[in-house]
Amino acid sequence: MKILLSQILLVLLCSVTAYSQNNPVLKSGNPELKGFKTKDFVQLTLQGGFMVPVGTYLSDNYFNSAIVGADVAYRVNTEVALYAEVRYIALSLKDTLGPSSGYLEANIGPRFYFRPKCYRSSFFIEAGVGPYIFMQGSAVTPDLNYESKTEFRMGANAGVGGELVLTNSLFITLKSKINTIFYPFGSTTFISGIGGFTIRF
């Protein structure tokens, strides 16, 4: 009888323990998800950062340079968004007497999110393709004559980032991307680091 009673108590104890582990109400450390959207919304990011030239041509002629821009994304579902991004890169010429120049970049592509269900902040990877428009003013130096010109090139990029949630509608977004611009002689590459504020509508 004592053995039977002990077995019954053991089964009850195991059942209570299993129930308490599976009961989401009893779990601690989860952020408040009430009112937090995970799909079917639009968000706008205002961003700024820098670029580091690493490829032929860019690294020969330019220093690290500033970037400003914005992107708009539509969250299709909990894992995927489609985004469009516009950025201006104010190139810092190594020839200090040279003309002002920069790239106006526009690209579109998919963004894939990775977020544990119990958290609002997330990581993502993204890729994009679009035009990189090179714009240069005119200048005369003791060594060279720079002519004003505008060149249209195609390019592509890919990178990783993260969204740090401040409120349900305001985030801090950080990302780093490898960008490649295609030229007749081949291609040139730069790395960009971007940060900004994201407003979710």
Is there a donor-acceptor contact under 3.5 Å from the side chain of Q136 to the main chain of E147? yes
Check each of F112, Y113, F114 against F124 using the ring pair (Phe, Tyr, Trp, His ring centres under 6.0 Å) test, and report the only one that passes. Y113
Would a distance-only check, ignoring hydrogens and angles, find a side-chain to backbone donor-acceptor pair under 3.5 Å from N179 to K177? yes
I'd like to know if the side chain of S65 and the backbone of S92 have a donor-acceptor N/O pair within less than 3.5 Å. yes
Transitive ILVMFWY cluster of F63 at side-chain heavy atoms under 4.5 Å: who else is in it? none
Y83 six-ring centre to K175 NZ/CZ under 6.0 Å and within 45° of normal: yes
Hey, is the main chain of S169 close enough, under 3.5 Å, to the side chain of T167 for a donor-acceptor pair? yes
I'd like to check the side-chain contact (heavy atoms from CB on, under 4.5 Å) partners of V76; sequence neighbours left out, ordered by chain and number. Y74, L82
Counting only N and O atoms by type, is there a donor-acceptor contact under 3.5 Å from the side chain of N61 to the main-chain atoms of Y57? yes
Hydrophobic cluster partners of L97 (side-chain heavy atoms under 4.5 Å): none
R115 side chain reached by E79 side chain, heavy atoms, under 4.5 Å: no
side-chain hydrogen bond (donor to acceptor under 3.5 Å, both in side chains) test vs Y132 passes for just one of T180, T188, N157, namely N157
Kindly indicate, with the supporting measurements, whether the criterion side-chain hydrogen bond (donor to acceptor under 3.5 Å, both in side chains) is fulfilled by R120 and N168. CA-CA 8 Å; R120 295 182 296 176; N168 282 347; 2.7 Å; yes
